[in-house]
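Whatever order the structure lists ligands and atoms in, that order sets their numbers, starting from 1.
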Amino acid sequence: MECPPFKIKSVEPIRLISRSERENRLKENGFNLFLLSSKDVYIDMLTDSGTSAMSNRQWAGIMLGDESYAGSVSFDHIATTVQEIMGFPYTLPVHQGRGGEHVLNNILVKPGQYVLGNMHFDTTKAHIEYAKGRAVDCVIDEAYDTEIDHPFKGNIDTNKLSELISKGPDRIAYVLITATCNNAGGQPVSMENIRDVHKIAKKHDVLLLMDAARYAENAYFIKKREPGYGNKSIRDIVKEMMSYMDGCIMSAKKDALVNIGGFIALNDKDLYSKLAPVNILMEGFPTYGGLSGRDLEAMAIGLSEGIEERYLDYRIKQVHYLGQLLDDIGIPIMKPFGGHAIYINGKKLLPHIPPENFPSLALCIESYLEGGIRGVEIGTLLAGRDPETGKNVCPKLDLMRLAIPRRVYMQEHLDYVAGVIKTVAKRSEEIQGLEFEYESPILRHFLSRFRRVDISEP
Ligand code: F0G
């Protein structure tokens, strides 16, 4: 067995507050784990976004950042790194993924148009809808079954895609491949599928983009699982993936190993020229886009580190270590294990809680109460309401995500997490669901407040 390809130079203390304090924090914060202070969280698996430990090279880059308003040398570094790794000649920095989504959809989406993809992330969907477009998920059916063992559950159903596009290519604003597919369990998209989607998009002259938040982890899965790619380097796989795209949008807070940052990268100068003025309005001048020079510098270095094979090998194996621990004790989890997180099937573990009472949220809350672990619900709460009927969407997948920050936790932390989940699962029948005390109108999981529903009542 290999050790992680790094050693630790700086440590951050964590502490477990008492169970009664945890119960109080839950009540004070309306049972919403987003509202907790992080000092009250022991193991924070809320997200893998912006939570990476930066390397000594990235910290050195912070000192070298060029803070010029225009023409920053640090911008040149990120633009040349994007071109070298992904092949796109035009890069627009943005402060994070959703900043890019705001700019992109403002220009690309006309009211009533569709954006087709495998499974849109929540901010992506919200920005498409904010631009008065419709976000449609076209992921393969296997993605909705947590038990089927399919190597590329993030794939787009190409029949569905062709059918929707051929009804009227003008009604399609663009096609977006999210790699890996976060809402489907961090599941990858195969090169074959990327190629097929490219053919369909080009046949109808529709723009094809990648949500590249976790593109490097996706490339790793292609290397490990797709015939013909085992001997290719991650760099070559990434180049090929991106060669089928017209561009990408990236939250650099994931695979570029930074705490803040993102970019839009494109092949087409004309599209870049349409986006750049909007970027100035919403994010900042095209050479900084809402970031400081030091952020750009750290992002350029992190982008290269994020595709190192030894790092990716350690990273994915660490996630799978937790998956295996939970699988071994019989916890129902999404399989095969994804790239950045392990997803527990809350609906299956707590079948007595109806979707409208948020079983996976209940699981998150009990895991916090039991051991100070903070996970996140990816289910009915996150999915929100149908804009036309106002009813809860109740997606097929109702999951608790345990996201693993990059280069942050050790094996002992994950052993602890598995122990806590085991204890929670043992008392699953007593766990209560939740109902709204206050429902936030937009991206409701962030700010809503809840109360427990007594399951003993008829
Ligand atoms: N696209 C994907 C696939 C994401 O997972 C996220 C964020 C975004 C876009 C938006 O990027 O946060 O930089 O604005 N995902 C985080 C998560 C929040 O926890 O999965 P952002």
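- Within 4.0 Å of ligand 1, protein heavy atoms belong to Thr47, Ser49, Gln96, Gly97, Arg98, Glu101, Phe121, Thr123, Thr178, Asn182, Asp211, Arg214, Ser251, Lys253, Lys254, Arg401, listed by chain and number.
- Judged purely by atom type and a 3.5 angstrom limit, Ser52 has no side-chain atom pairing as donor or acceptor with the backbone of Asp48.
- The aromatic ring centres of Phe450 and Phe436 sit less than 6.0 Å apart.
- If you run side chain to side chain contact (heavy atoms under 4.5 Å, CB included) between His445 and each of Thr380, Asp122, Asn32, only Asp122 comes through.
- If you run salt bridge (charged side-chain N to carboxylate O under 4.0 Å, His left out) between Arg235 and each of Glu84, Glu308, Glu309, Glu240, only Glu84 comes through.
- A side-chain N or O of Asp295 and one of Ser292 form a donor-acceptor pair less than 3.5 Å apart.
- Scanning all heavy atoms of the two residues, the minimum distance from Cys364 to Val376 falls at SG-C, 3.5 Å.
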